[in-house]
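Down below is the structure, laid out as structure tokens.
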Amino acid sequence: MEWEVVTVIIALVGLLTTVTKPIMNLTNTITKLNDTCEHLESKMEKFENHNHDSHVRLWNHNNEQDEQLAEHENRISILEERK
């Protein structure tokens, strides 16, 4: 009778160990994944801000070039009219 109780207790401890270890590994993996996702989200936000600023600079430069081209076109038109 006593050995049956000891055997049941050993089986229960083994079952708990078998179930608990994968759950702990899964919990650690999920925690690492959450940290990685938060880090990735932070980097993506920085990237989007930098990308937006770069586009603003490009469009400003493009507008400046458009103005210069318009000025040159006017100068060329004036020169052609003189001839």
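For the single chain, residues carry numbers from 1 onward in sequence order. As a basis for the values below, the full set of heavy atoms in this structure was taken, side chains included, without hydrogen atoms, waters or symmetry mates.
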Going by atom type alone, with no hydrogens or angles, which donor-acceptor pairs under 3.5 Å involve a side-chain atom of residues 71-81 and a protein atom two or more places apart or on another chain?
| unit_1 | atom_1 | unit_2 | atom_2 | d |
| --- | --- | --- | --- | --- |
| N74 | ND2 | A70 | O | 3.4 |
| S77 | OG | E73 | O | 2.9 |

Name every donor-acceptor pair, under 3.5 Å, that has one atom in a side chain of residues 37-49 and the other anywhere in the protein, sequence neighbours excluded.
| unit_1 | atom_1 | unit_2 | atom_2 | d |
| --- | --- | --- | --- | --- |
| N49 | ND2 | E45 | O | 3.4 |

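Distance check, rounded to the nearest 0.5 Å: CG of L15 to OG1 of T20 gives 8.5 Å. From D66, atom CG reaches atom NE2 of H61 across 10.0 Å, with rounding to the nearest 0.5 Å. Note that CD1 of I30 and CD1 of I23 are 10.5 Å apart. Values are rounded to the nearest 0.5 Å.
At a threshold of 4.5 Å between side-chain heavy atoms, the hydrophobic network of Ile, Leu, Val, Met, Phe, Trp and Tyr places W3 and L12 in two separate groups.
N62 places no side-chain N or O within 3.5 Å of a backbone atom of L58 that could act as its donor or acceptor partner.
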